[in-house]
Amino acid sequence: MTIVLALKMSAAAGETAFVDEAGHAVTTSGAAVHVADAAASDGIAGSFPSAGSFLTVGPSADFSFPAQFGMGGWVTPSTVAQNQCIFSLSANPDGLSYIGLYQFQTNSRLVVAAAYQNIQLVTGITAGQRIHVFWSRDADNVMRFFVNGQLVRTFTQDGTIGSAALSLLFGKDYSGLQFLGRLDDFFISKGDPIWTANFTPPAEIPLAPVPYSISAPLFVLAAPEAATGPLSADLALFTGEIQQAAAPLQVSVCDALVFDSSLGKIYWAATVMVGALDVSSQLSDEMRIEADEDSARLASFWVTPANAAELAGYDSALVTIDITIFSGTAAAQVRRFTGRVEKTVFDPVSRKAKLTCRDGRQERIRACGSADQVHALLGGLAAPCAKIVAWSDSKPDPVGYFDALLATLPGSTFIDASGLWRVVRWDILAPAASFGANDIFDEMTVEQPARADVPSAIFAKLTHRFPRLHCAEVALNWTAPDRSEYVVKGIPTCTKAMVSETLNGASDWVVKGEIVMASPIPGSYPVIVGGDTVYYNVSYESAAFTCQTAAATLYRRWYQEVEVAYSVSIAMGGLSDRDESIADAIATTFDASGWESPASTAASLGIYSANAPDGSGDTEPPTGYEALPAPYPPTNSAVDHMGDVSSDVLNAAVTHVVAKAVRLAAAGKRNRRLRFSRPADPRWEIGTPLAAAAYGVSGSGQLTGFVDTYDFSSGACVTEMVLACPDGSGADISYTASATPPDNDVGHALLAPPLLNHIGADLSTPDWMDPNQLAGFLCNTLPTADSYDASAPAFETQFRMVMPEISAAVRDPLYLDAAIDATVMLPGGDLSISFGGSGGGIH
Amino acid sequence: MAFAFYTDAALTTLLQSAVVFVQDVAAPAAQDRVIWLGSPDAAKTLFDAVDPGGADITVSVHDAATGSGMPASAVKLAASAFGLDSAVAGAPLALGLSIAGGTAGAREIHIRVDWAGSTGVFTDVSLVTSEVIG
Amino acid sequence: MSAPTLIIAGFELPQESRLDLQQTFERVDGGCAQRRRAGGAWFSMEAWTRWSTTISGGGFVPAPLLSIPRGVPFELHSVAPLALWPGEDLPPGWSARTDWPETSFTSRLGVEIRLVYPILMVASAQGARMVVGSSTPQWELACEEV
């Protein structure tokens with residue numbers, strides 16, 4: 001490492017001679033002088049008090065830096081009211097090596113300009129503030145800029161910085177940008193950046209005269225001067241570059257007289273720029289510009305390139321086309337196309353190339369990387385609904401997504417003559433211009449919509465599928481037979497296990513909470529049998545297993561698939577009955593099988609029966625459903641589970657389908673069109689309301705497209721315009737749409753099966769009973785049983801239960817219809833045709 | 001891509017040629033255009049470079065040929081279409097202390113030209129932002 | 001009064017080549033189209049105007065006249081004057097000869113007419129044509145403004 005400059009600026013106050021301790025001659029200009037400076041470590045600094053005060057060092061090969069370097073020193077600006085340069089290593093303040101203090105508006109900032117970069121470092125510098133600036137480049141060409149030893153900016157720049165042929169200036173640059181203030185202890189190292197990380201600024205340059213090489217540490221570092229301190233508290237550090245955007249405007253002030261055909265003659269010319277090249281004088285044959293709603297604007301023209309390089313330069317070049325028209329003394333120049341060359345076909349025989357240009361519409365759509373970007377392209381007028389048209393981040397399809405949403409746009413998109421993306425509503429306002437028979441060439445076409453365009457009505461339907469969640473409960477009670485039955489008929493008792501097994505084994509039904517079963521009280525109970533008193537004994541042992549009474553609530557829950565079709569129709573007034581419908585469907589996301597599954601045994605353990613741990617500390621009464629997944633329908637009722645289809649989502653979906661229907665309806669009506677040609681009139685963009693009247697046809701509508709042809713051979717310049725003149729009322733296209741799910745008034749009142757006691761082989765037992773009514777405790781002999789003994793038949797017992805059926809009406813898929821609450825306004829233009837009288841073309 | 005003016009709200013395409021207005025010398029009528037200002041880099045937030053966080057980012061009407069051509073007062077700027085009616089001719093448009101990157105952060109710049117002057121094509125006026133950093 | 005010199009591609013034709021000299025001016029076809037409007041009125045659209053001129057003469061036919069390269073622009077110092085109104089400009093791209101300056105006269109009806117001998121930049125697709133067989137050799141050069 002070599003120190004190639006060391007300006008300590010430590011001579012006596014008043015001394016005008018400055019010394020570079022690295023040995024280079026220093027020339028003083030103007031009023032540059034040493035002055036006392038209390039903030040300087042040695043009490044002396046260099047002063048540059050006025051314009052023309054500066055130092056010149058070199059030229060020297062030392063000041064050319066092909067690789068690593070470090071340079072800096074102390075700066076005290078006396079003003080921040082103007083752009084200033086501290087020191088400069090080259091003649092070009094915007095390139096190579098340059099450090100400057102700049103003033104913009106009301107706040108100062110420190111800027112390093114290097115290798116054609118102009119980069120802000122810090123802001124908030126004030127007059128009289130002493131700061132240390134340091135700039136280095138390491139072996140990897142990483143530039144670092146430090147203010148008061150703090151790294152504030154990093155960027156990469158290779159190549160040689162500085163110049164061996166030019167002198168180094170202190171106090172100004174080669175453009176005359178003057179620094180006003182004091183400098184102190186400036187030095188430059190060559191071959192070593194010295195610092196590549198934060199450091200404590202040195203109070204002075206602790207170096208012996210150079211050239212010589214020393215090893216690190218380079219400096220005896222001193223603490224920063226307390227009087228000045230670091231700027232860090234006030235510094236705003238940014239890692240980006242300063243940027244400034246500009247948008248050129250071009251205003252063509254036209255004399256509308258050139259578009260007034262009354263003079264009967266116009267002169268025209270086209271100015272075509274391909275890149276930076278004006279090819280206007282090289283055009284031939286025909287130039288064509290065509291535009292249509294929701295389509296790319298195309299331009300094609302023939303040009304004779306001057307040479308192969310020019311031909312090659314056409315590739316993807318930016319193209320602008322301006323049309324100039326003169327008539328009498330009036331003139332107008334209007335831009336008609338901005339785009340890029342899409343394709344070049346060169347004919348080597350005629351030496352002409354046909355350039356086909358596009359406005360980049362598809363590229364913009366394809367460039368979208370998020371749903372938000374697509375929504376932005378549609379100007380916020382589309383009706384997105386993620387449930388119907390979803391954007392996928394993992395597999396983005398911007399074109400598909402755009403097209404799907406475009407179908408909901410009550411208007412059109414296009415790129416205008418300036419290259420600006422435009423979204424225009426299909427409103428039909430007052431005509432901006434009207435063209436009469438003297439403005440229109442001798443051809444005009446009136447197109448009526450096809451039958452398919454205007455059916456009798458357009459239907460919009462949204463189907464929403466969701467689960468209706470039902471819950472029904474029945475209360476069951478049973479009481480054991482009278483004791484006399486045990487004594488007289490000898491029937492066995494009913495065990496708790498048998499009752500529990502039956503209640504818990506009911507198919508699709510679940511015991512809510514616990515079964516409440518009571519045992520008989522042990523003891524000896526007198527029973528009168530035939531006038532005799534007999535004692536029926538209940539032992540303690542048997543009582544524990546015997547069920548005297550049982551009570552339980554059984555519940556069942558199930559889901560029913562419900563499909564609600566929300567619909568609305570838009571009357572079109574056509575005669576065609578063909579079904580022009582818009583239909584979309586959404587479904588609530590729901591794990592039906594998970595919801596319907598009974599709770600696991602582990603989950604249904606009875607912790608909640610004692611105290612529900614809801615976190616509040618309160619004791620909550622158990623619901624009995626805790627172990628089951630939500631949602632919980634109300635008892636003996638049903639709830640329509642909308643899940644992720646909230647009211648907002650439903651309305652968005654309804655709006656989406658209505659918007660599609662509105663666009664379909666409007667587009668159909670807009671196929672009533674008036675097509676005509678006139679002398680080139682590039683003033684009008686798509687969406688402009690215009691009117692035309694000739695041949696007894698009078699129409700007003702919105703410009704949906706145009707084709708300009710400029711024939712350089714024949715001289716013809718014609719604009720063909722197409723107006724949409726829909727049959728409608730009002731000026732604006734508008735709609736509203738919302739929907740409310742149908743009410744759910746389901747109530748369940750299932751009859752609990754009466755649990756009785758049935759004893760067979762008894763005279764009181766009926767010969768036949770409805771098996772579905774045979775529920776409760778059943779005792780009977782069973783001749784087919786292995787244990788059957790005809791001489792001493794024994795009773796077999798059973799606890800039976802038959803649960804009520806769920807009716808199909810609340811079980812099978814349900815289809816409901818509901819209306820969309822919608823208002824639709826379709827705008828209308830005018831189109832009338834008269835025959836005879838003044839309307840005919842030939843009389 | 002950089003902080004710049006764009007020709008669409010999705011910030012897909014830089015404004016690379018002039019924003020064109022057409023005026024009728026005999027019957028000038030206000031003509032509006034909208035361009036967008038921002039950075040597609042959603043991770044970036046832009047501040048005024050002179051006084052970051054303390055001063056508004058602005059868009060100004062710059063007249064490169066004061067006294068000739070079209071005056072800056074022919075141009076109105078607003079952040080919305082409705083704002084154009086009440087905008088002061090030639091006045092800069094303040095866009096707030098920062099502009100977030102990404103489509104959501106992009107600012108609409110509504111431009112209205114209402115000027116006749118004399119026939120011709122005028123390109124001396126442009127829009128310029130204050131310097132930003134981020 | 002002597003006649004203006006005829007200079008074609010820098011070659012001044014000698015007098016013996018200018019017997020029965022004629023020069024005509026005509027507009028080149030194209031560049032201007034007309035259509036009828038819906039109301040029946042005529043409408044003209046003009047992108048450009050160019051002229052063709054044909055010069056013919058007889059007598060000695062010099063070799064340089066026959067060697068005029070085809071399709072290559074050259075300057076033609078016209079011998080036929082163009083009549084202009086006062087204040088009217090020459091067509092774009094034309095200039096007036098200085099060796100035969102503009103003259104003007106007033107007709108008997110009191111109309112002032114200017115006579116301008118123009119210089120045109122032209123090219124000839126076929127070159128000069130020579131016809132031999134009559135009393136003297138004849139030549140003809142048809143040119144169009146480039």
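Chain identifiers are assigned alphabetically (A, B, ...) following the order of the sequence lines, protein sequences preceding nucleic acid strands; residue numbering begins at 1 within each chain.
- Contacts of A/T324 with chain C are absent, with no heavy-atom separation under 4.5 Å from either backbone or side chain.
- Both tests do not hold together for A/R336 against A/Y710: distance to the six-membered ring centre under 6.0 Å, angle to the ring axis within 45°.
- Under the 6.0 Å distance and 45° angle rule, C/R35 does not count as a cation-pi partner of C/F43.
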From CA spacing to verdict: side chain to side chain donor-acceptor pair (under 3.5 Å), A/R670, A/T704 = CA-CA 9 Å; A/R670 285 168 68 86; A/T704 65; 5.8 Å; no

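- Looking at A/S714, both its backbone and its side chain come within 4.5 Å of chain C, counting heavy atoms on both sides.
- Taking the six-membered ring for Trp, A/F712 and A/W268 have ring centres closer than 6.0 Å.
- Using a 4.5 Å cut-off between heavy atoms, A/A716 contacts chain C through both its backbone and its side chain.
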